[in-house]
Amino acid sequence: MKRARLLLLVDDHSYLVFLADRAFGKGGYDVATAFTAEDAFTRMNRERFDVLIVELGKLDTAGMADLRRAKERNPRTIVLLLSGNGGSF
């Protein structure tokens with residue numbers, strides 16, 4: 001039996017988490033959520049995710065390093081960074 005694809009969504013906006021859970025769940029993903037970067041990296045140390053969707057504002061320098069380490073552990077992981085900031089970052 002094929003393993004379900006795992007997606008981790010890191011965002012503190014409950015409506016986005018709800019919508020993403022429904023949309024990606026219908027697409028065959030098991031969706032895990034984290035509302036803080038600390039919670040996300042704890043989960044990434046325990047589980048191997050196929051897709052990471054992270055709100056850019058949740059990451060500081062240490063968080064970016066953790067994200068790089070997660071990608072090094074599983075190079076096939078797709079990482080999407082979201083920003084609600086309309087300006088440059």
Side-chain angles (χ1 to χ4, degrees):
M1 187 165 157
K2 189 175 178 182
R3 167 178 92 74
R5 296 172 292 177
L6 297 177
L7 180 146
L8 177 61
L9 175 63
V10 186
D11 198 304
D12 61 352
H13 296 96
S14 58
Y15 65 89
L16 180 61
V17 170
F18 172 77
L19 291 174
D21 185 22
R22 288 191 60 181
F24 286 107
K26 287 180 181 178
Y29 284 90
D30 283 341
V31 179
T33 59
F35 292 99
T36 67
E38 184 178 326
D39 290 341
F41 297 121
T42 299
R43 293 199 71 159
M44 287 189 313
N45 285 327
R46 290 188 313 224
E47 300 174 71
R48 181 172 282 196
F49 291 95
D50 300 295
V51 180
L52 303 174
I53 301 177
V54 182
E55 179 186 0
L56 192 58
K58 293 285 159 210
L59 297 176
D60 57 10
T61 304
M64 288 300 285
D66 288 337
L67 196 56
R68 269 190 215 95
R69 279 195 292 280
K71 183 76 174 164
E72 287 169 359
R73 277 199 328 262
N74 188 8
R76 299 185 87 180
T77 297
I78 297 167
V79 178
L80 301 171
L81 298 175
L82 303 178
S83 174
N85 182 355
S88 61
F89 53 88

Within this structure, what is the CG-CZ distance for the pair Leu9 and Phe49, rounded to the nearest 0.5 Å? 10.5 Å
Close side-chain approach of Leu16 and Glu55, heavy atoms under 4.5 Å: no
Testing the basics here: between Tyr29 and Val51, what is the closest heavy-atom pair and its distance to 0.1 Å? CE2-CG2, 3.8 Å
Residues in side-chain hydrogen bond (donor to acceptor under 3.5 Å, both in side chains) contact with Thr77, at least two apart in sequence or another chain: Asn74
Only distances under 3.5 Å count here; give the side-chain donor-acceptor pairs of residues 19-28 to other protein atoms, sequence neighbours excluded, each with its distance to 0.1 Å.
none

Let me confirm one number: the CG-CG distance from Leu80 to Leu82, rounded to the nearest 0.5 Å. 7.0 Å
How would you list all residue pairs meeting salt bridge (Lys or Arg N to Asp or Glu O under 4.0 Å) that involve residues 70-79, not counting sequence neighbours? none
Approximate separation, where rounding is to 0.5 Å, of Phe18 CZ and Asp11 CG: 15.0 Å
Distance check, rounded to the nearest 0.5 Å: Leu7 atom CG versus Asp50 atom CG? 8.5 Å
With sequence neighbours excluded, what pairs up with Glu47 under the salt bridge (Lys or Arg N to Asp or Glu O under 4.0 Å) test? Arg43
Show me the pairs that pass salt bridge (Lys or Arg N to Asp or Glu O under 4.0 Å) and involve residues 30-40, at least two apart or across chains. none
